[in-house]
Amino acid sequence: MAHLKKERTLVVIKPDGVQRSLIGEIIQRYERLGLKLVAMKMTVPTEEHVEAHYTVDPEWFRKTGTKTIEGYKAKGLTPPTEDPVALARGVLNNLKKYLTKSPVVAMVWEGAHAVELVRKLTGGTEPLKSDVGTIRGDYVLDSYQMSDTDGRAVRNLVHASGTPDEAAKEISLWFLPDEIVNYRLVGERILYDVNLDGLLE
Ligand code: GDP
Ligand code: MG
């Protein structure tokens with residue numbers, strides 16, 4: 001099995017992140033933690049690509065629909081439908097409109113616990129509830145209440161893979177194998193090497 005330091009995750013800076021000139025700020029958050037950028041491209045996704053991206057998990061419709069219905073009920077609101085799949089279809093349509101309207105920046109980040117750490121730095125899905133100190137908590141103010149009322153996707157700046165398995169599938173959807181670079185950063189020694197001999201002069 002590959003060493004933990006080889007774990008990879010996909011991050012996509014969504015149109016609002018690009019348009020608000022937050023590319024550098026977002027990259028810096030992952031970079032300063034010690035993760036290594038191993039692939040990056042700017043692209044304008046097609047609707048087909050957005051659909052493929054969100055449905056790499058065949059359970060996405062059921063899970064997202066169920067979560068969204070529970071969210072409505074937790075706020076004492078009536079969901080527009082009790083059918084999770086129909087509801088998630090609407091969420092996906094809004095995501096297609098959102099993600100195809102501007103370039104996005106797709107990246108692969110590598111390092112120990114990359115998936116979990118990137119999710120931690122990125123913060124919870126709904127910016128209104130994301131923790132202070134996270135990207136979604138610090139740089140944007142959107143809410144499901146506002147985005148649902150206006151009939152659009154919630155603007156939360158970044159996509160980050162949820163699990164290592166999801167990450168592997170998403171990375172292969174966004175990048176060809178030879179677009180991902182295997183290389184070492186000098187700073188990795190201090191993060192991972194067991195033996196720190198050779199530093200003292
Ligand atoms: P993420 O991994 O944190 O981006 O969240 P998910 O994978 O659960 O959801 C993917 C996308 O679906 C989010 O970025 C939102 O645009 C949308 N979404 C998820 N849950 C909800 C919800 O409860 N309400 C609404 N309106 N959209 C949602
Ligand atoms: Mg997700």
Side-chain angles (χ1 to χ4, degrees), residues 8-20 22 26 29-30 45 47 49-102 104-109 113-131 133-174:
R8 288 174 173 175
T9 192
L10 179 83
V11 171
V12 181
I13 303 179
K14 294 176 175 180
D16 50 331
V18 172
Q19 295 299 327
R20 293 190 47 220
L22 290 172
I26 290 167
R29 296 267 172 143
Y30 306 126
E47 292 200 0
H49 190 81
V50 174
E51 170 137 4
H53 169 78
Y54 281 104
T55 55
V56 291
D57 175 4
E59 287 293 292
W60 185 85
F61 283 101
R62 195 186 51 76
K63 281 196 271 191
T64 305
T66 305
K67 191 169 73 110
T68 308
I69 288 170
E70 282 165 7
Y72 276 105
K73 292 184 175 169
K75 287 185 212 126
L77 301 169
T78 310
T81 164
E82 288 285 343
D83 176 358
V85 174
L87 198 66
R89 179 52 66 189
V91 170
L92 182 61
N93 283 340
N94 286 336
L95 284 164
K96 285 181 182 173
K97 286 185 217 154
Y98 167 37
L99 294 169
T100 56
K101 295 296 156 52
S102 156
V104 302
V105 177
M107 298 173 278
V108 180
W109 288 90
H113 308 287
V115 172
E116 190 175 341
L117 289 169
V118 164
R119 292 284 279 198
K120 184 173 78 159
L121 294 188
T122 302
T125 310
E126 185 187 17
L128 176 66
K129 304 284 185 201
S130 318
D131 289 334
T134 66
I135 294 164
R136 288 164 170 171
D138 284 357
Y139 295 111
V140 69
L141 47 63
D142 209 4
S143 66
Y144 290 143
Q145 186 188 352
M146 184 161 63
S147 63
D148 288 349
T149 303
D150 292 347
R152 59 168 177 76
V154 71
R155 294 195 180 127
N156 58 10
L157 298 172
V158 174
H159 165 81
S161 308
T163 63
D165 180 54
E166 190 177 283
K169 290 178 185 154
E170 290 177 357
I171 288 168
S172 63
L173 197 65
W174 288 82

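For reference, positions follow the sequence shown, starting with 1. Counting starts at 1 for both ligands and their atoms, in listed order.
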Atom indices of ligand 1, in the order listed, that fall short of 4.0 Å to a heavy atom of Lys67:
8 (O), 19 (C), 20 (N)
Is it the case that more than 12 heavy atoms not belonging to [X] sit under 6.0 Å from its [atom1] atom?
{"X": "His49", "atom1": "NE2", "value": "yes"}
{"X": "Glu166", "atom1": "CD", "value": "yes"}
{"X": "Glu51", "atom1": "CD", "value": "yes"}

Taking distance alone, with no angle check, do [X] and ligand 1 share an N/O pair under 3.5 Å?
{"X": "Thr64", "result": "no"}
{"X": "Asn156", "result": "yes"}
{"X": "Tyr144", "result": "yes"}

For [atom], what is the closest protein heavy atom, and at what distance to 0.1 Å?
{"atom": "atom 7 (O) of ligand 1", "answer": "Trp60 NE1, 4.1 Å"}
{"atom": "atom 10 (C) of ligand 1", "answer": "Tyr54 CE2, 3.7 Å"}
{"atom": "atom 2 (O) of ligand 1", "answer": "Arg119 NH1, 2.8 Å"}
{"atom": "atom 12 (O) of ligand 1", "answer": "Val91 CG1, 3.7 Å"}
{"atom": "atom 3 (O) of ligand 1", "answer": "Thr125 OG1, 2.5 Å"}
{"atom": "atom 15 (C) of ligand 1", "answer": "Val154 CG1, 3.7 Å"}
{"atom": "atom 11 (C) of ligand 1", "answer": "Leu95 CD1, 4.0 Å"}
{"atom": "atom 26 (N) of ligand 1", "answer": "Asp148 OD1, 2.8 Å"}

Tell me whether ligand 1 is touched by Arg155 - counting only heavy atoms on the residue side and a distance under 4.0 Å.
no
Checking contacts here: is it the side chain or the backbone of [X] that comes within 4.0 Å of ligand 1, counting heavy atoms only? Could be both or neither.
{"X": "Met146", "value": "neither"}
{"X": "Lys14", "value": "side chain"}
{"X": "Gln145", "value": "neither"}

With salt bridge (charged side-chain N to carboxylate O under 4.0 Å, His left out) as the test, would you mind laying out the steps for Asp150 and Arg155 before giving the verdict?
CA-CA 12 Å; Asp150 292 347; Arg155 294 195 180 127; over 6 Å; no
Between [X] and [Y], is there a side-chain N and carboxylate O pair less than 4.0 Å apart?
{"X": "Arg8", "Y": "Glu170", "value": "no"}
{"X": "Lys75", "Y": "Asp148", "value": "no"}
{"X": "Arg152", "Y": "Asp142", "value": "yes"}

Using modelled atom types only, decide if a donor and an acceptor are shared between the side chain of Glu47 and the backbone of Lys96 within a distance under 3.5 Å.
no
Any side-chain heavy atom of Val158 sitting closer than 4.5 Å to one from Tyr139?
no
Side-chain contact test, heavy atoms from C-beta onward, threshold under 4.5 Å: evaluate it for Leu128 versus Tyr144 and give yes or no.
no
Option set Thr66, Thr68, Val12, criterion heavy-atom distance to atom 22 (C) of ligand 1, minimum:
Thr68
Run the side chain to side chain contact (heavy atoms under 4.5 Å, CB included) test on Thr125 and Lys67 for me, step by step, so that the C-alpha distance in whole Å, both residues' side-chain angles and the decisive distance to 0.1 Å come before the verdict.
CA-CA 12 Å; Thr125 310; Lys67 191 169 73 110; 4.3 Å; yes
